[in-house]
Every structure is written in C-alpha cells, then in structure tokens.
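Only one structure is covered here, and it is reproduced in the block below.
Letters go in sequence order (proteins before strands), and every chain restarts at 1.
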Number of protein chains: 2
Amino acid sequence: MTGPLHQRIRGDIEARIRSGEWAPGHKAPTEAELMDQYGCARMTVNKAMTALVEAGLIVRRKRAGSFVARPKVHAPVLNIPDIQSEIVARGEAYAFRLLARTVRAADRDSPEEVELAAGGKLLELDGVHDAGGRPFALERRLVSLKAAPEIEAADFAEHPPGAWLLEHVTWTEAESRIGAINADAEDARLLALDEGAACLVVDRRTWREGQHVTRVRQVFPGEAYDLVARFGPGA
Amino acid sequence: MTGPLHQRIRGDIEARIRSGEWAPGHKAPTEAELMDQYGCARMTVNKAMTALVEAGLIVRRKRAGSFVARPKVHAPVLNIPDIQSEIVARGEAYAFRLLARTVRAADRDSPEEVELAAGGKLLELDGVHDAGGRPFALERRLVSLKAAPEIEAADFAEHPPGAWLLEHVTWTEAESRIGAINADAEDARLLALDEGAACLVVDRRTWREGQHVTRVRQVFPGEAYDLVARFGPGA
DNA sequence: GGCTTCAATATGTATAGACATATTTGCGAA
DNA sequence: TTCGCAAATATGTCTATACATATTGAAGCC
C-alpha cells in the first residue's frame with residue numbers, strides 16, 4: 001500500500017468498516033492510538049478521520065471518541081449518465097438526429113415557458129438519440145435565447161444540443177426529475193415501440209446565475225433502459 | 001460570518017463559483033495569495049482548497065495553480081428516498097399493509113434466488129405502502145433467512161420490512177436500478193390504476209459482507225410519483 | 001439520593017516550518 | 001532550431017505544538 005500516509009490510514013479503516021469487521025456503533029481507535037499505531041503526527045491521523053466523517057462512514061463526538069456510523073436510511077445516489085457517453089461506452093455507434101428546430105415566443109399560458117424565455121424568444125429542438133442505428137431516446141428541448149444566444153448559430157452535427165450547451169453555457173444549478181409515462185402515438189413511432197409502452201422520462205432544467213437556461217425532457221424505452229446505482233455506505 | 005476560518009474561506013470561494021463570478025477555467029488565487037488575504041497559515045488555506053477539490057468545484061495542478069472545475073458531463077445524483085419518511089415528510093398518514101408472508105425454498109431455476117438463499121430458505125414479503133389511505137407503492141421483497149434469521153419473528157406493525165432490516169441487519173453494499181414498466185393486472189388492482197399504466201420501478205438489492213441479504217422491487221404509479229434531484233456543480 | 005462543579009479526555013482548529021513532487025518556463029548547448 | 005536540463009513555482013504531505021471546545025465521569029456538597 002503506497003501513497004500518502006493519511007490515505008493509507010483512511011483506507012485501512014474504511015476497509016474494516018466495509019467488510020463489516022467494525023459494525024455500526026463500533027468505537028474506532030482514538031487519534032492518540034492511531035498516532036502510535038502508525039507512528040505519525042496527530043494532524044495526519046486527523047486528516048484521515050476527517051475524510052471518513054465527510055464520507056459518512058464515521059461519526060465523532062468530543063470526549064467520547066469516533067464511532068462507525070449507522071448507514072443512513074436508504075439515501076443512495078443515482079448517477080444519471082450523459083446519453084452520448086453512455087452509448088459510446090457500450091461500444092455502440094452514437095448519432096443525434098434533429099427532427100425539428102423552431103424559434104418561437106413563449107406560450108403565454110405556460111408560466112414555465114414564460115419564465116424560461118425571460119422576455120426573449122425560445123429555441124425548440126426535437127430530436128432522437130440513436131444507438132447502433134436504432135432509436136435509444138427521444139429529446140425535446142427548450143432553450144432560452146436570452147440566456148444562450150450563440151446557440152442559434154450552432155449546428156448539432158458534431159455534438160447534440162446537450163453537449164453543445166454544456167460546452168458553451170455552463171450551468172450553476174440544475175434539477176432532474178425522473179418519472180414514468182405511457183408512450184403516446186408519436187413517442188411510440190419515434191422509438192419504435194407500441195403505443196402505451198412504459199417509458200422512463202428524465203426531465204431536467206438548468207440555470208445559470210439564477211437565469212433559467214434550458215429545459216429538456218428525455219424519453220427512454222422502459223424495457224430497454226434503466227438507471228443503475230451501486231454503492232456502499234456513505235459512498 | 002462566524003465559524004472556522006477554513007470553512008469561511010471555502011464558503012467565500014464556493015459562493016464566487018456558484019454565482020458564476022468565477023467561470024469554469026477561471027484561475028483561483030494561489031495558496032500564498034489567500035494566506036495574505038486572510039492573514040492565516042497555508043495549512044488553513046490548503047484545508048479549504050482540498051475540500052473544494054473533493055466537492056468537485058476546483059481542480060488543482062502543481063505549478064500551474066487552482067482552477068474552477070468544468071461541471072462534469074451531466075453527472076447529477078439522484079436521491080432515492082425512503083418511502084416511509086417520504087410520505088411522512090409530506091404530512092400524509094403512512095401505513096404498510098402486509099399482503100403475503102411466505103417462507104419457501106429458492107426457485108432452482110432462478111440463479112439469483114439461489115444466490116440469495118445461500119443454501120437456506122427465503123422469506124417472501126408482499127405488501128402495499130399507503131399514503132393518506134391510498135396505495136402509494138407496491139413492494140415485493142425476498143429476504144435470505146440465512147443472512148437475517150431474526151426477521152422470521154418480526155411483525156411489521158410498527159416498521160415496514162425495509163426499516164426493520166435497516167435497523168437489524170446493516171448493509172455494507174447495495175445496488176439500485178430504476179426502470180419503467182406497464183402495470184400488470186395485479187399491479188393495477190393493488191395500486192388502483194388501469195392495467196398497462198406506466199409505473200416507476202425501483203429494484204434494490206443489498207449485501208452484508210458479501211452475503212446477499214435482500215432484494216426488493218418497489219412499484220410506483222408513474223403519474224403520481226417522481227424522483228427529484230436538485231443540485232449545483234459538484235453538489 | 002440528587003445536584004452542581006470541575007477536571008480529564010478526545011476532538012476541532014490553527015500555526016509555522018520542512019521537504020516532496022509535479023509542471024512550467026527559460027536558458028543553454030548540440 | 002530544437003532538445004534537454006535546471007530553476008522557479010504551486011501544490012501535496014507531514015511534523016510538532018498550541019489552544020479551543022464539547023462531553024463525560026467523578027468528586028463533593030446539600
């Protein structure tokens with residue numbers, strides 16, 4: 001085990017916790033004891049323990065000591081991958097087909113569109129992500145031209161709109177929502193599914209400095225796609 | 001602005017990044033400059049910067065300096081909440097109705113069940129989570145009695161099986177999968193939906209010290225439920 | 001017994017200095 | 001000109017020490 005000493009200490013303790021050797025509630029050695037064990041300064045031990053606290057593996061109480069944390073109520077995190085890299089990672093050919101591109105005003109009846117437009121116009125982009133020549137996901141996106149005027153000149157031959165935006169207009173805040181819907185006739189046609197088939201929907205909105213930049217709704221065939229998260233306590 | 005100095009430094013810099021004042025790629029002050037600004041030791045500044053690196057907000061390169069990180073390709077994380085606390089947090093009444101409880105052997109044709117049972121028997125628990133008196137989620141769970149023998153004596157009046165297990169058999173590893181399905185006749189009946197309605201499915205398996213403990217499949221009405229994640233860069 | 005007080009303990013924060021390491025820059029030699 | 005080496009720079013790690021702070025446990029008092 002090479003590398004920095006504080007990492008080694010952290011790793012040793014983490015291993016004991018993950019293996020179950022130290023059950024939740026188990027009292028870990030004090031910093032003084034670890035100093036002796038590793039023959040190092042307290043700051044070094046402290047750095048290791050602090051990292052374990054941030055990772056959620058250890059809880060510390062002054063005077064009492066350090067204890068293995070109780071894994072929280074299922075509070076796992078799930079990684080929502082970028083579609084393009086997801087497909088490429090599987091070794092399949094990726095393509096984005098732009099189906100429609102419209103510049104229009106916000107629908108006055110939709111408060112959300114009005115907020116997104118912020119007094120300007122909206123760019124609506126509809127397209128399909130293909131994996132290995134077959135439709136993989138549907139995308140409908142609205143972009144505020146006030147927040148990202150440069151996108152009007154962009155073509156999406158190289159990068160799909162999501163990647164283009166990520167490159168050119170960095171977000172500072174985002175919200176994702178995951179749900180399930182029954183494919184309507186158009187969804188079904190574009191994804192080559194039967195009408196009514198269950199689909200996973202990811203609805204994502206991003207902001208930059210408080211200004212709403214884009215909203216995208218991606219539809220995946222429920223049968224063919226799922227999101228996976230694997231983790232240990234605190235990870 | 002009280003609290004530890006290293007936290008204040010971290011907070012100041014984080015605020016500049018999140019506000020967009022420092023765009024991705026922007027060069028942050030060096031540790032020496034921050035020492036001067038705050039009139040403190042380098043270790044203190046270093047602690048702040050290290051925390052920002054772990055939070056994914058800053059990238060550091062020796063000799064070159066510290067830079068605001070480019071937000072990763074959509075790498076948001078999604079919190080999959082615990083059903084009971086989710087419902088209680090909304091201010092609705094929570095209840096778990098156990099529909100079936102069976103002790104049985106693993107299905108020899110299912111490699112997964114065989115692995116879960118690990119030579120012992122399985123406890124199958126089917127039930128419905130109610131929110132405000134209406135069905136909110138369906139749950140079908142298999143528990144390895146070898147891994148959690150105490151559960152045979154448990155009744156789930158107070159805590160649903162998930163909470164019981166969390167309390168009594170801590171997991172060290174877990175995997176969650178999220179997908180979409182069309183409700184079959186039974187799902188539809190139990191959730192008071194139409195057959196074929198799109199539902200969100202969370203499939204979760206947990207292990208303890210390499211031993212598979214439980215597998216649970218939760219079905220949510222797609223129309224009524226979605227998972228939300230809100231975050232800023234690195235958060 | 002029950003209460004307060006006080007000291008011991010373990011962590012939390014901070015310092016100043018030291019050496020290690022990676023990377024860039026610029027200078028000098030082939 | 002270009003290659004290669006060395007110096008400068010900024011971060012990475014570690015030490016030894018100091019004082020602050022929260023909590024526990026025990027002593028002492030009513």
Side-chain angles (χ1 to χ4, degrees), chain A residues 1-17 21-70 72 233-234, chain B residues 1-17 21-70 72 233-234:
Chain A
M1 198 72 65
T2 55
L5 180 54
H6 67 88
Q7 251 178 50
R8 201 182 117 206
I9 299 176
R10 187 204 147 135
D12 286 355
I13 295 176
E14 186 165 345
R16 286 199 187 93
I17 295 175
E21 182 186 337
W22 289 355
H26 176 94
K27 186 173 188 306
T30 65
E31 295 193 348
E33 288 164 348
L34 289 168
M35 277 172 70
D36 285 350
Q37 270 181 47
Y38 289 93
C40 66
R42 188 163 81 92
M43 277 296 292
T44 307
V45 170
N46 187 276
K47 187 163 190 172
M49 294 305 279
T50 302
L52 288 167
V53 168
E54 278 187 26
L57 288 168
I58 285 281
V59 171
R60 312 191 81 185
R61 287 195 345 262
K62 289 179 185 175
R63 166 68 225 243
S66 305
F67 303 86
V68 176
R70 203 162 293 279
K72 297 201 192 66
Chain B
M1 210 64 66
T2 56
L5 180 55
H6 67 88
Q7 254 180 46
R8 201 182 116 206
I9 300 177
R10 189 204 146 136
D12 287 355
I13 296 177
E14 185 165 346
R16 288 199 185 93
I17 296 175
E21 183 185 335
W22 290 355
H26 176 93
K27 187 174 187 303
T30 65
E31 295 194 349
E33 288 163 346
L34 289 169
M35 277 171 70
D36 285 351
Q37 272 181 46
Y38 288 92
C40 67
R42 189 163 80 92
M43 276 296 291
T44 306
V45 170
N46 186 275
K47 189 163 189 174
M49 296 303 281
T50 301
L52 288 165
V53 168
E54 279 187 25
L57 289 168
I58 285 281
V59 171
R60 312 190 83 187
R61 285 192 350 261
K62 288 179 185 175
R63 165 69 225 241
S66 304
F67 304 85
V68 177
R70 204 162 290 282
K72 299 203 193 65

Quiz item: Between E31(B) and L34(B), does a side chain to side chain contact (heavy atoms under 4.5 Å, CB included) hold up when you go through it step by step?
Solution: CA-CA 5 Å; E31(B) 295 194 349; L34(B) 289 169; 5.7 Å; no
Self-check item: Pair R8(A)-L5(A), side chain to side chain contact (heavy atoms under 4.5 Å, CB included): steps then yes or no
Solution: CA-CA 5 Å; R8(A) 201 182 117 206; L5(A) 180 54; 4.1 Å; yes
Exercise. Let me see the working for R60(A) and L52(A) under side chain to side chain contact (heavy atoms under 4.5 Å, CB included), right down to the final yes or no.
Key: CA-CA 10 Å; R60(A) 312 191 81 185; L52(A) 288 167; over 6 Å; no
Practice problem: Begin from the C-alpha positions of I9(B) and C40(B) and carry the test side chain to side chain contact (heavy atoms under 4.5 Å, CB included) through to its verdict. | Solution: CA-CA 11 Å; I9(B) 300 177; C40(B) 67; 4.1 Å; yes
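Look at NZ on K47(B): it is 12 Å from P on dT15(C), rounded to the nearest Å. Distance CD (E31(B)) to P (dT15(C)): 13 Å, rounded to an integer number of Å. Computed from coordinates, the N46(B) CG to dA18(C) C1' distance equals 14 Å when rounded to whole Å. In this structure, CE of M43(A) is placed 11 Å from P of dT15(C), rounded to the nearest angstrom. Atom CG of D36(B) is separated from atom P of dA16(C) by 12 Å (rounded to the nearest Å).
Residues T50(A) and K47(A) have side chains not in contact (no heavy-atom distance under 4.5 Å, counting atoms from C-beta outward). When side chains are defined from C-beta on, I58(B) counts as touching I17(B), because their heavy atoms get closer than 4.5 Å. With contacts defined as side-chain heavy-atom distances shorter than 4.5 Å, the pair M49(B)/I13(B) qualifies. The shortest distance between side-chain heavy atoms of T44(A) and Y38(A) does not fall below 4.5 Å.
Nearest-nucleotide mapping onto DNA chain D: of R61(A) and R61(B), the residue sitting toward the 5' end is R61(B). Residue whose closest nucleotide on DNA chain C sits further toward the 5' end, between T30(A) and G39(B): T30(A).
Residues satisfying the salt bridge (charged side-chain N to carboxylate O under 4.0 Å, His left out) criterion with E21(A), sequence neighbours excluded, are R16(A). For R61(A), there are no salt bridge (charged side-chain N to carboxylate O under 4.0 Å, His left out) partners two or more places apart in sequence or in a different chain.
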Under 3.5 Å, which protein N or O atoms sit close to an N or O of nucleotides 4-8 of chain C? Give each pair with its distance.
{"from": "dA8(C)", "atom 1": "N3", "to": "R63(A)", "atom 2": "NH1", "distance (Å)": "3.3"}

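The two atoms that bring W22(A) and P29(A) nearest to each other are CH2-CD, 3.5 Å, heavy atoms only. The minimum heavy-atom distance between P24(B) and A69(B), with the atom names listed, is CB-O, 3.7 Å. Residues A48(B) and H6(B) share a closest heavy-atom pair of CB-O, 3.4 Å.
Contact annotation for T50(A): no contact, since no heavy-atom pair falls under 4.0 Å across all strands. Residue R42(B) is classed as a base contact, given a heavy-atom separation below 4.0 Å to a base.
Nucleotides of DNA chain D that come within less than 4.0 Å of any heavy atom of chain A span, from the 5' end to the 3' end, dT13(D) to dG25(D).
The rotation axes computed at either terminus of the helix from dG1(C)-dC30(D) to dA30(C)-dT1(D) lie 10° apart, taking five pairs at each end and rounding to 10 degrees.
E54(A) places no side-chain N or O within 3.5 Å of a backbone atom of A51(A) that could act as its donor or acceptor partner.
The stretch residues 21-29 of chain B has no heavy atom under 4.0 angstrom from DNA chain D at all.
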